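Inspection log for the structure reproduced underneath, given as structure tokens.
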2 protein chains.
Amino acid sequence: MLSVMPKRPGEDLDLLFGALADPTRRGIIERLVVGEATVTELAAPFSISLPAISRHLKVLERASLITRSKRGRCRSARLSPTSLASAATWLSRYERLWAESFDRLDEHLAQLTSEQPTTLTETETQDRDRER
Amino acid sequence: MLSVMPKRPGEDLDLLFGALADPTRRGIIERLVVGEATVTELAAPFSISLPAISRHLKVLERASLITRSKRGRCRSARLSPTSLASAATWLSRYERLWAESFDRLDEHLAQLTSEQPTTLTETETQDRDRER
DNA sequence: TCTATAGTTAACCATTATGTTAAGTGTGAT
DNA sequence: ATCACACTTAACATAATGGTTAACTATAGA
């Protein structure tokens, strides 16, 4: 069928970050940290219907954030943290950047205060670091 | 104005992950890593219209991922990495988890871990195609 | 077998997202 | 003053999201 859909590069990140962009789904994830749970258990803290939860779970599954299994008539979900890891991996590519930014901000502030404290910050921050 | 909207807890994460969920916006971010750029410069690699880019930038700005400034008739954007950092912070709460998972699920992943851990593919998402 | 439980699927609706083109806003240059 | 440039805003079309209720499937238990 369509299980062999050609995957655009980065599409997994779309699904991944898209799944994380919803508070209910993040709540579900946080609940799953303490252990696997059934759908009704997961639904309990929320004031939305069971079908809504069911679809949130499908979104999480499609993003490879959870795996699901059936035992009796209960379906339980558990975290599949490798996907979270790949989100972290993507972000870590910029880790250097925001770590740097604190240093550079310090530098910059130091320079500003030693020069002209009154100038508007917008324009001259660009003046001083040149574009490759 | 109504710019002082009360912020639901976690709403910033919604905006943040939501902003990262789009390939164009991630592309813009990656471009901005090498330095600030104007809107037309940012638009160049993409085949979508300038207004579309303009709105992507607004999304990134709302998520505090970029800041913008005007110089002359050009508006330039630059990364504001602290927001990326807070995404990483959220994820880091689960870091222990996915680090653990490699040990705990070792039996299941034994055959998969023979690959490079760098790409972390989501190979078995299609397993759910039974469910009928 | 019959019923209650657990969950999914279907159909629908409102809202948001993402793209388009056309028109508007500032600013630099002639 | 006028034109060109670099955007932004407006208006619109379409698709995706996220919720609902109702109906369906499957299993446990009487």
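Naming: A, B, ... by sequence-line order, numbering from 1 per chain. Bear in mind the structure is a predicted one, so any value in this text is a computation, not a measurement.
Looking at A/Arg26, its side chain does come within 3.5 Å of a backbone N or O of A/Leu20 through a donor-acceptor pair. Judged by distance alone, the side chain of B/Glu30 and the main-chain N or O of B/Gly27 form no donor-acceptor pair under 3.5 Å.
A/Thr40 comes within 4.0 angstrom of the backbone, heavy atoms only, and of no base.
Heavy atoms of other residues, nucleotides or ligands lying less than 6.0 angstrom from CZ of B/Arg62 number 12 at most.
For the pair A/Arg55 CZ and D/dT20 C1', the interatomic distance rounds to 9 Å; values are reported in whole Å. As a whole-Å value, the separation of A/Asp14 CG from C/dA17 P is 15 Å. Rounded to whole Å, atom P of D/dT8 lies 17 Å from atom CZ of B/Arg62. Protein atom CG of A/Leu57 is 13 Å distant from nucleotide atom C1' of C/dA6, rounded to whole Å. One atom, CD1 of B/Ile53, and another, P of D/dC7, lie 11 Å apart when rounded to the nearest Å. In this structure, the CZ atom of A/Arg75 is 13 Å from the C1' atom of C/dT5, given to the nearest Å. Distance CZ (B/Arg73) to C1' (C/dG24): 16 Å, rounded to an integer number of Å. Atom NZ in A/Lys58 sits roughly 13 Å away from atom P in D/dT17 (whole-Å rounding).
Look at B/His56 and you won't find any side-chain N or O under 4.0 angstrom from OP1 or OP2 of C/dA17. Contact check, A/Ser49 against D/dT20: a side-chain N or O comes under 4.0 Å of OP1 or OP2. An OP1 or OP2 oxygen of D/dT8 is reached within less than 4.0 angstrom by a side-chain nitrogen or oxygen of B/Arg68. Between D/dT8 and B/Ser54, a contact under 4.0 Å exists linking OP1 or OP2 to a side-chain N or O.
DNA chain D is contacted by both A/Ala21 and A/Pro51; A/Ala21 maps to the nucleotide lying nearer its 5′ end (nearest heavy atom per residue).
In the region residues 24-35 of chain A, proximity to DNA chain D at under 4.0 angstrom, judged on heavy atoms, holds for A/Arg25.
Proximity of B/Arg8 to B/Asp14: side-chain heavy atoms (C-beta onward) are separated by under 4.5 Å at one or more points.
When all heavy atoms of B/Leu16 and B/Ser86 are compared, the closest pair comes out as CD2-OG, 3.4 Å. The two residues B/Arg31 and B/Gly35 make their nearest non-hydrogen contact at NH1-O, 3.1 Å.
Of the candidates D/dG19, C/dT20, C/dT27, C/dT27 carries the atom nearest the B/Lys70 side chain, counting heavy atoms from C-beta on. Checking C/dG19, C/dT8, C/dT5 against every side-chain atom of A/Leu50, the shortest atom distance belongs to C/dT8.
B/Ser69 and B/Ser76 are linked by a side-chain donor-acceptor pair at a separation below 3.5 angstrom, with hydrogens and angles left out of the test.
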